Amino acid sequence: MTTTEKNDFIREIIDEDLKTNKFQGRVHTRFPPEPNGYLHIGHAKSIRLNYGIAKDYNGKFNLRFDDTNPEKEEQEYVDSIIEDVKWLGGEFEDRLFYASDYFEQMYQWAVNLIKKGKAYVCDLNGDEIRAARGTLTEAGKDSPYRNRSAEENLDLFERMRKGEFSNGAKILRAKIDMASPNINLRDPIMYRVVHEGHHRQGDTWCIYPTYDWAHGLEDSLENITHSICTLEFENHRPLYDWFLENLGIYHPQQIEFARLNITYTVLSKRRLLQLVQEKHVSGWDDPRMPTLAGFRRRGYTADSIKVFCDKIGVSKKDSMIDVAMLEWSIREDLNKNAQRAMAVLNPIKVVLTNYPEGKVEELSAVNNPEDESAGSRMVPFSRELYIDQEDFREFPPPKYFRLSPGTEVRLRYAYIIKCEKVIKDVKGSVTELHCTYDPTTKSGTATANRKVKSTIHWVSAHHAMNAEVRLYDRLFVKEDPNEVEEGKDFLSNINPNSLLVLTYCKLEPMLGTATPGDRFQFERTGYFCADMKDSKPDAPVFNRIVTLKDTWAKIEQKGKK
RNA sequence: UGGGGUGUAGCCAAGUGGUAAGGCAGCGGCCUUUGGAGCCGCCACUCCCAGGUUCGAAUCCUGGCACCCCAGCCA
C-alpha cells in the first residue's frame, strides 16, 4: 500500500491545533456508525480518514457504535461493522465503545441542564411540534410548556424514565431559541419515549437520547479531539457546541467533510436497505452492492479500497467520483498480485486435425509477468481444445486480429494455429472449428518467433474443469441513479443486466484447486474471485471482479458509430 | 424570500499575492506470445461571472450567479 504525503484541510486544522496546543498535543479520532445497516464504501472513506489521521499523528482511534435508536438497530449490524472495520485495517485495539453504555451519564447531564433551566419537558405531540417550529423564513413559537419549573421538569423527566408515559407523549427539549435562523436551535429534542427493546441495553431504558444531544457527549466522554463528520451536520455544529458549553465539559472540535458519491451506484443506507429488503439483490453482501461486504465478496482487496479512499482526497465540495477510479484501484492491485490463468467463458470447440490423437503435452505458462517470483506452471495441451466464441469471427470486421477462416493466431504458451474449416449445425451456427497447428512454433523454442497478429487463450477439452462464472456489471444504468423521471424512483434505473451467469465455462485444471476467496486474472478477460459462499472444490464458482481494459471493445464501438 | 456551505479540465484535486501540481478518464505513438501491463507524448493563455486594489490576483475587496444542506420524537 502506498503511503502518500497527505495534506487536506482537516490535517491543516490539526496541524494548527498542534501548534497552538489546543488539545495538549493529542490527536484522537473516532468512527461512530449507527448499527442500522452494513457499512458501504462511503464509510470506508470516513474510516480511512479517521484512522489515517490517528495513525499519522501518533494518536488514537475509537470504534464507537452510535446506538441511540432501538427501533432501527440490530446485533447483526454490529457484528458486520466490526468485521468490516477490521478488514479495512482500522485498528481500534481495546477501544470499542457503545453510546448506549453512556446513557446513565447522559441522563445525569440532562438533569443538570434541567436544573440550570436550560431544558424542559414538553407535552406537545409530533404535529404540534412541527407546527410550532416555524419555517425556513418564519420564526417558531414557544411551547406552552417552555416555562415549567425546574422541579416539575425534574419530576416529569424522572417519570419519563420510569416508563409512566407512552411513546410520543412527552419529550425533553433544550431551551434555546425558537426564533433562531438555524432551525436546529429551535428548542431541539434531547429525549423521546421509545418503549422498545435495545439490542444491547434490553429494557433498561424507555427514553432514548437524540443524535444532537448524544453525539457531542459521546465524543467528550471519549476525549476525542477532532470529531469528523459529513457536511449535512454542519448546521448542527452550533448545537453540538451549545450542549458542551452549557454543560461545561470537555469540548472536542467538530469538522465536516463531503461524503462520497460514486457514479452508477447509490450510497445511502436507506436505499441499500431497500435493495436488500425488496430482493433486488441477494443480500447485503451481493457482489453488486457498494457495501464493504459486497466488495469483499466480489473480490475487491482491502488494499484497493484503501488506495481508492486515499486517492480521491478530502474536501468540502459535493462530488461524484467516476467509478472508473475505483476500477483502476483494483486493477492496479491485481495486475501486480493476481496469478494468471486461462479460462474459456463461452466455449467453442477447436480440433487440431494434424495433432496426434491421444497425445498430451505439458506446456509451461508464466504465473505472473509482473512478478517473476510467482514462477510458472504446466498446462496440458491436446488435440481438442476450447477457445472463446469472442475469439472467432466467421466474417471478421476491420482490425479484428483474432481467428477467422484462413487466418492464424497463436495459442498462448502453445502453437500457432490456422483455421481451415468451420463446422455448423442445421441452424447455421458455428459448433466447431477445424484447425491445423504449426509444430515449429511451439512456445519457447528457437523457431517459435514467427509473428502473428494475435494471441488467444484456450483450454484442453479433455482436461478442462467445468465451472460457473458470474459476470457482474454496474447495478445501475445511470451515472446518478437518483436522477429519475417524474413519478419513478431510483429502482427504475437498475441495470437488468447487472448479473449474467455462465454455467458452461471451461477452466484450466489448476483453477480446480482454488479455494474460496482466491483471485486470478483470467488472461485477456478480467479478474475473478472464487466465490466465498458458493464455490466448491469440485464445482468452482467464480465472480468477475472487474474486466481487463478492452481496447478492442473501444475500437469496435467506434466502428459502429 | 431565513440560515449554513461549496464553486480550479469530462471526474477528483493541489494551490494560501510572484505568473495553474498530480491522479482517473480521453487522445496519439512505442513496445508486447494477454488488443492486458509497461514506456513516451498531448490534454486549463486560465481558476463561476463582473468590477476593483496591486508592478503582479485562482489567491485580497465589492457586487452578482449557480449548486448542496436544514422545517424526523432518524443519524
Side-chain angles (χ1 to χ4, degrees), chain A residues 4 7-8 12 32-34 36 66 68-69 71-72 122 124-126 129-131 133-140 167-173 180-186 188-194 207-208 210-212 214-215 229-238 256 258 263 269-270 311-329 331-332 335-336 340 342 366 369-370 399-402 409-414 416 441 443-444 448-457 479 521-526 547-556:
Chain A
T4 47
N7 74 308
D8 48 66
E12 269 175 27
E34 182 189 13
N36 67 344
D66 202 3
T68 57
N69 184 357
E71 291 178 322
K72 295 184 174 180
C122 180
L124 258 27
N125 66 34
I129 293 266
R130 195 177 315 119
R133 190 152 30 217
T135 68
L136 295 179
T137 53
E138 298 165 62
N167 288 3
K170 283 188 168 46
I171 52 175
L172 183 74
R173 304 175 75 174
S180 172
N182 181 341
I183 291 181
N184 296 127
L185 261 23
R186 320 242 261 229
I189 294 166
M190 295 164 64
Y191 279 93
R192 68 277 204 185
V193 177
V194 182
I207 56 171
Y208 289 89
T210 56
Y211 170 87
D212 283 319
H215 206 85
C229 60
T230 44
L231 247 31
E232 67 269 28
F233 293 105
E234 205 152 23
N235 294 330
H236 296 245
R237 193 172 62 229
E256 312 83 12
T263 56
K269 280 200 196 169
R270 207 211 97 223
K311 280 197 96 81
I312 56 176
V314 183
S315 75
K316 298 190 69 159
K317 190 170 85 174
D318 289 312
S319 65
M320 174 85 81
I321 305 286
D322 192 334
V323 70
M325 191 89 91
L326 219 204
E327 293 175 346
W328 173 84
S329 302
R331 286 193 188 109
E332 169 93 342
N335 174 51
K336 292 190 187 102
R340 312 286 126 126
M342 290 199 285
V366 171
E370 306 293 317
K399 291 184 185 164
Y400 184 84
F401 298 153
R402 285 110 98 163
V409 294
R410 171 171 288 282
L411 295 179
R412 181 88 160 140
Y413 301 122
I416 290 173
T441 59
S443 200
N449 291 333
R450 189 152 67 82
K451 299 283 181 208
V452 285
K453 273 187 174 169
S454 167
T455 298
I456 65 172
H457 58 95
E479 271 202 13
Q521 182 197 95
F522 289 178
E523 292 209 40
R524 305 205 312 124
T525 307
T547 61
L548 247 34
K549 270 216 285 192
D550 190 347
T551 308
W552 164 246
K554 216 175 277 177
I555 294 169
E556 199 176 30

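Each chain gets a letter, A, B and so on, in the order the sequences are listed, and its residues count up from 1. For clarity, every value in this text was computed on a predicted model and none was experimentally measured.
A distance of about 14 Å separates the P atoms of B:G3 and B:G63, rounded to the whole Å. A distance of about 23 Å separates the C1' atoms of B:U34 and B:G26, rounded to the whole Å. A gap of 39 Å separates the C1' atoms of B:G15 and B:A71, to the nearest Å. Taking atom C1' in both B:U6 and B:A75, the straight-line distance is 23 Å, to the nearest Å. Separating the P atom of B:A37 from that of B:G23 is a span of 16 Å, rounded to the nearest Å. B:A25 and B:C40 have their P atoms separated by 16 Å, with the value rounded to a whole Å.
Salt bridge status for A:E34 with A:K269: absent, with no side-chain N to carboxylate O gap under 4.0 Å.
At B:A37, none of the side-chain N or O atoms of A:K336 fall inside 4.0 Å of OP1 or OP2 (strictly under the cut-off). For the pair A:T455 and B:U32, the criterion of a side-chain N or O lying under 4.0 Å from OP1 or OP2 is not met. Between A:R270 and B:G72 there is no side-chain N or O to OP1 or OP2 distance below 4.0 Å. Between A:K317 and the phosphate of B:U8, there is a side-chain N or O to OP1/OP2 separation shorter than 4.0 Å. Note on A:R133: a side-chain N or O is less than 4.0 Å away from OP1 or OP2 of B:C73. Side-chain N/O atoms of A:R524 include one lying less than 4.0 angstrom from OP1 or OP2 on B:G35. In this model, the phosphate group of B:U33 is approached by a side-chain N or O of A:K451 to a distance below 4.0 Å at OP1 or OP2.
With a glycosidic angle no further than 90° from 0, B:G72 counts as syn.
Summarising the base pairing, B:C27 is matched to B:G41 through a Watson-Crick or G-U wobble pair whose two defining distances lie under 3.5 Å.
The two atoms that bring A:K336 and A:E370 nearest to each other are CA-CB, 4.2 Å, heavy atoms only.
Contacts of A:V452 with the nucleic acid, taken as non-hydrogen atoms under 4.0 Å apart, are absent. Using a 4.0 Å heavy-atom cutoff across all strands shown, A:N335 reaches at least one base atom of the nucleic acid.
Side chain of A:W328, nearest nucleotide from B:A75, B:A71, B:G23: B:G23. The side chain of A:T551 has B:G35 as its nearest neighbour among B:A75, B:A25, B:G35.
Between A:W552 and A:F401, the ring center distance fails the sub-6.0 Å criterion.
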